[in-house]
Amino acid sequence: MATFIKPRVPRGMRDILPEQMIRRQYVINVIRDVFEEFGFEPLQTPALELSEVLTGKYGPDAEKLIYQAGHTGGKEDISMRYDLSVPLCRVIAMYPQLPKPFKRYQIDPVWRAERPQKGRYRQFFQCDADTVGSDSMLADAENVNLIYQVLSRLGFKQFEININDRKLITGIGQFAGVPTEQLGGLYRSIDKLDKIGLDGVTAELRENEIPEDVIEKLLALLQVEGDALTVLNEMKQQLGDFETASEGIADLEELIGYLTTLGVPEECYRVNVAMVRGLEYYTGPIYETVVEEPKIGSITGGGRYDELIGSFSKQSFPATGTSFGIERIIDVMEEFNMFPTTVGKTVTQVLMTVFDDDLMEESLKLATTLRQGGLRTEVYFRPGKISTQMKYADAKGIPYAVILGSDELASGTAAVRDLATREQENVPLDKIVDHINQRLDNDEIK
RNA sequence: GUGGAUGUAGCUCAGGGGUAGAGCGCCUGACUGUGGAUCAGGAGGUCGUGGGUUCAAAUCCCAUCAUCCACCCCA
């Protein structure tokens, strides 16, 4: 009796089958095109890092989610990477000769042992673009522009890039005057503003035993509305006495100025002083993109982390970057049918049918011609009923079928059938490649 | 990590202590040169997994795993 291992994958991980893989590749290609358009260079690092490289960077809560990756008898303490930014910092410290500013992108999986949910997986891809070695706010503005470019090219209409600054947040902490050990709770409560509203935040602050007069001052800050510069002006009024906050505000003003010059539309971003972000390594501007529908968490995140490289080397460099989560982007795009019709179910463009054994040779020759003409062509392996072969093409979503029977062969033609419209035309053998290519171009335009 | 819901055919689900149903899909034929229709036949399920209660469990109980939802956190 054969016993079988139940086929399954670890929690929070999944296979990505061809139909879905085609959509993923489309999204990744758009992102890569934009990254390269801005002069970011590709980089790849190992999936595994020495544990000491990863620890102490993300904060205690996040660190619990890092996968250990040792092997039997292994002498090294190894973990699976949790993000792409920390490995980048390791690279910068290891190769100090790289010319600065160093702009790199990386599109690779990371692992986090979280409890899975929709849009939340234990293995997922991050698409990161980072600039190392420049403290210019232009680098940060470029990050925001990157987000705007990618999302609008993917067809997103409703998205909001939230922008804040760690220094400004620190200023709010000083302004509130709460002791250091309460700061974390304070930030966490504020961060929920969009979710639980002013009343919810008030309640949470009370629970955290923040004094009533401080709560009032904070609420006044959080209620500030308006366009980016209005919000910043208001912050200047209220927080101007705190040096760190002033620096943050000045940085953001510069950043917003660049956004305007770069042509990033105002309605795509806002200064949101309540947006905090958990990762400990951020030091300056931070950004996060949310879509309202469906509620799926943030689809991009990022910010400036000027101190992180300093944990690997005496010679530190300022750095800033942003990260796209393609799983969530794809989930949203699927929910709203945002994929262009040219992103099909299959890579194959033509099915070369085989009429019978006698015509196999001619059919294979024609398939070779089609392939040489740049057409992705699949040959049906079992000669026989055309109906079966048509069904196969239909099921796979192959747009065109070529039929070469004895009648066609006698007249030096083959029938080209459009599966979608059911139109069929006899075309001379030497014109077939052009004929199909032209039809594919027309499909593209539609 | 905490709390909750769900888990029956490829898919969507119904049923409910006496060893399984529907719709859609799939396969075959009517249709020996053409896939979305019709008709006729057919295949396919250890009722998530493991234990317990019972003469009997898919149905009740426990555990476990997976998915989803909220919290936490985040891409």
Side-chain angles (χ1 to χ4, degrees), chain A residues 1 3-14 27 31 58-65 82-85 107-128 147 184-185 187-189 191-192 195-196 200 204 275-280 286-291 294-302 321-332 351 353-356 359 380 383-409 414-424 426:
Chain A
M1 253 294 264
T3 58
F4 296 99
I5 308 297
K6 190 174 183 181
R8 55 205 186 97
V9 293
R11 178 172 221 201
M13 307 198 181
R14 69 252 166 89
V27 172
I31 293 175
Y58 305 106
D61 287 343
E63 205 158 303
K64 286 184 207 140
L65 305 178
Y82 180 88
D83 73 351
L84 301 175
S85 301
I107 299 173
D108 270 325
V110 301
W111 292 269
R112 298 182 185 180
E114 288 192 281
R115 190 128 158 196
Q117 249 177 69
K118 188 176 189 174
R120 152 178 294 193
Y121 306 95
R122 289 185 158 193
Q123 173 179 320
F124 62 95
F125 268 65
Q126 290 200 321
C127 308
D128 278 34
I147 298 170
Y187 293 153
R188 257 193 300 276
S189 303
D191 193 36
K192 290 188 206 160
K195 207 169 201 172
I196 61 179
E204 282 223 4
M275 192 268 296
V276 179
R277 292 192 60 74
L279 292 180
E280 273 186 357
I286 49 180
Y287 5 89
E288 175 173 294
T289 310
V290 290
V291 287
K295 283 253 177 293
I296 204 163
S298 49
I299 57 174
T300 85
T322 190
S323 177
F324 295 78
I326 48 174
E327 273 77 9
R328 289 179 178 181
I329 288 175
I330 291 169
D331 282 351
V332 174
L351 178 71
T353 63
V354 181
F355 202 82
D356 57 32
L359 286 161
Y380 200 82
K385 293 177 79 168
I386 293 295
S387 68
T388 312
Q389 305 191 36
M390 285 303 150
K391 258 188 209 168
Y392 175 75
D394 189 45
K396 276 198 78 167
I398 301 173
Y400 293 96
V402 172
I403 300 155
L404 183 60
S406 42
D407 295 352
E408 286 84 1
L409 191 64
V416 175
R417 185 171 180 86
D418 182 328
L419 273 286
T421 64
R422 306 190 144 219
E423 286 167 17
Q424 189 167 317
N426 276 27

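Please read these numbers as outputs of a predicted model, since none were measured by experiment. In what follows, every chain begins at residue 1, and chains take the letters A, B, ... in the order their sequences are listed.
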Open item on the list: Quick check: do Asn426(A) and Glu408(A) have side-chain heavy atoms less than 4.5 Å from each other?
Closed with: yes
Task: Phe355(A) side chain near Leu409(A) side chain, heavy-atom distance below 4.5 Å - done: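 No, too far: nothing below the 4.5 Å cut-off.
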TODO: Determine the interplanar angle of the Tyr380(A) and Tyr392(A) rings, folded into 0 to 90°, and report it as parallel if under 30°, tilted if 30 to 60°, perpendicular if over 60°.
DONE: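 Perpendicular.
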Rounded to whole angstroms, how far apart are [atom1] on [X] and [atom2] on [N]?
X: Arg120(A); N: G1(B); atom1: CZ; atom2: P; result: 13 Å
X: Tyr392(A); N: G36(B); atom1: OH; atom2: C1'; result: 19 Å
X: Ile196(A); N: C73(B); atom1: CD1; atom2: P; result: 11 Å
X: Arg122(A); N: G1(B); atom1: CZ; atom2: P; result: 7 Å
X: Glu327(A); N: A75(B); atom1: CD; atom2: P; result: 13 Å
X: Arg115(A); N: C69(B); atom1: CZ; atom2: P; result: 12 Å
X: Lys64(A); N: C74(B); atom1: NZ; atom2: P; result: 12 Å
X: Gln123(A); N: A75(B); atom1: CD; atom2: C1'; result: 13 Å

Where the side chain of [X] is defined as all heavy atoms beyond and including C-beta, which of [options] is the nearest nucleotide?
X: Gln117(A); options: C69(B), C74(B), G35(B); answer: C69(B)
X: Ile386(A); options: U34(B), C68(B), G35(B); answer: U34(B)
X: Leu419(A); options: G33(B), A75(B), G35(B); answer: G35(B)

Open item on the list: Given Ser323(A), which partner from the list Asp128(A), Thr300(A), Asp83(A) fulfils the side-chain hydrogen bond (donor to acceptor under 3.5 Å, both in side chains) test?
Closed with: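 Answer after filtering Asp128(A), Thr300(A), Asp83(A): Asp128(A).
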With a non-hydrogen cut-off below 4.0 angstrom, is [X] in contact with a base, only sugar-phosphate, or nothing?
X: Arg11(A); answer: sugar-phosphate
X: Ile299(A); answer: sugar-phosphate
X: Gly397(A); answer: nothing
X: Tyr121(A); answer: base
X: Ser406(A); answer: base
X: Gln424(A); answer: base
X: Gln126(A); answer: sugar-phosphate
X: Phe125(A); answer: nothing
X: Asp407(A); answer: base
X: Lys192(A); answer: sugar-phosphate
X: Ala420(A); answer: base

TODO: Assign each of Gly12(A) and Glu288(A) to its nearest nucleotide of RNA chain B by heavy atoms, then name whichever residue's nucleotide is nearer the 5' end.
DONE: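 Mapping each residue to its closest nucleotide by heavy atoms, the 5'-most match is Gly12(A).
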- [ ] By nearest nucleotide on RNA chain B, pick out whichever of Tyr58(A) and Arg422(A) is the more 5' one.
- [x] Arg422(A)
- [ ] Would you please determine if the base of A75(B) is stacked by Phe124(A), with stacking meaning a centroid separation under 5.5 angstrom and planes under 30 degrees?
- [x] yes
Whole-angstrom distance between [N] and [M], as gauged at atom [atom1]:
N: A9(B); M: C27(B); atom1: C1'; answer: 15 Å
N: A70(B); M: G18(B); atom1: C1'; answer: 41 Å
N: C68(B); M: U28(B); atom1: C1'; answer: 39 Å
N: G29(B); M: G21(B); atom1: C1'; answer: 26 Å
N: U2(B); M: U19(B); atom1: P; answer: 41 Å
N: C26(B); M: U64(B); atom1: P; answer: 41 Å
N: G33(B); M: C11(B); atom1: C1'; answer: 33 Å
N: G36(B); M: G25(B); atom1: P; answer: 11 Å

For [N], what is the paired nucleotide under Watson-Crick or G-U wobble rules, both distances under 3.5 Å?
N: C13(B); value: G21(B)
N: C31(B); value: none
N: A70(B); value: U2(B)
N: C60(B); value: G52(B)
N: G36(B); value: none
N: G45(B); value: none

Open item on the list: For the backbone of Ser298(A) and the side chain of Arg328(A), can you confirm whether one donor and one acceptor N or O come within less than 3.5 Å of each other?
Closed with: yes
TODO: Spell out, as yes or no, whether a donor-acceptor pair under 3.5 Å connects the side chain of Glu327(A) to the backbone of Arg120(A).
DONE: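 Judged by distance alone, no pair lies under 3.5 Å.
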Report yes if a side-chain nitrogen or oxygen of [X] is closer than 4.0 Å to either non-bridging phosphate oxygen (OP1 or OP2) of [N]; otherwise report no.
X: Lys385(A); N: G29(B); value: yes
X: Lys195(A); N: C71(B); value: yes
X: Arg188(A); N: C73(B); value: yes

Task: All ring-ring contact (aromatic ring centres under 6.0 Å, His included) counterparts of Tyr121(A), not counting sequence neighbours - done: none
Task: ring-ring contact (aromatic ring centres under 6.0 Å, His included) involving Tyr187(A) - partner list, sequence neighbours excluded - done: none
Task: Under-3.5 Å donor-acceptor pair between Glu408(A) side chain and G33(B) base - done: yes
- [ ] Only one of Ile107(A), Leu84(A), Ile326(A), Asp108(A) passes side-chain contact (heavy atoms from CB on, under 4.5 Å) with Gln126(A); say which it is.
- [x]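 For Gln126(A), the side-chain contact (heavy atoms from CB on, under 4.5 Å) check succeeds only for Leu84(A).
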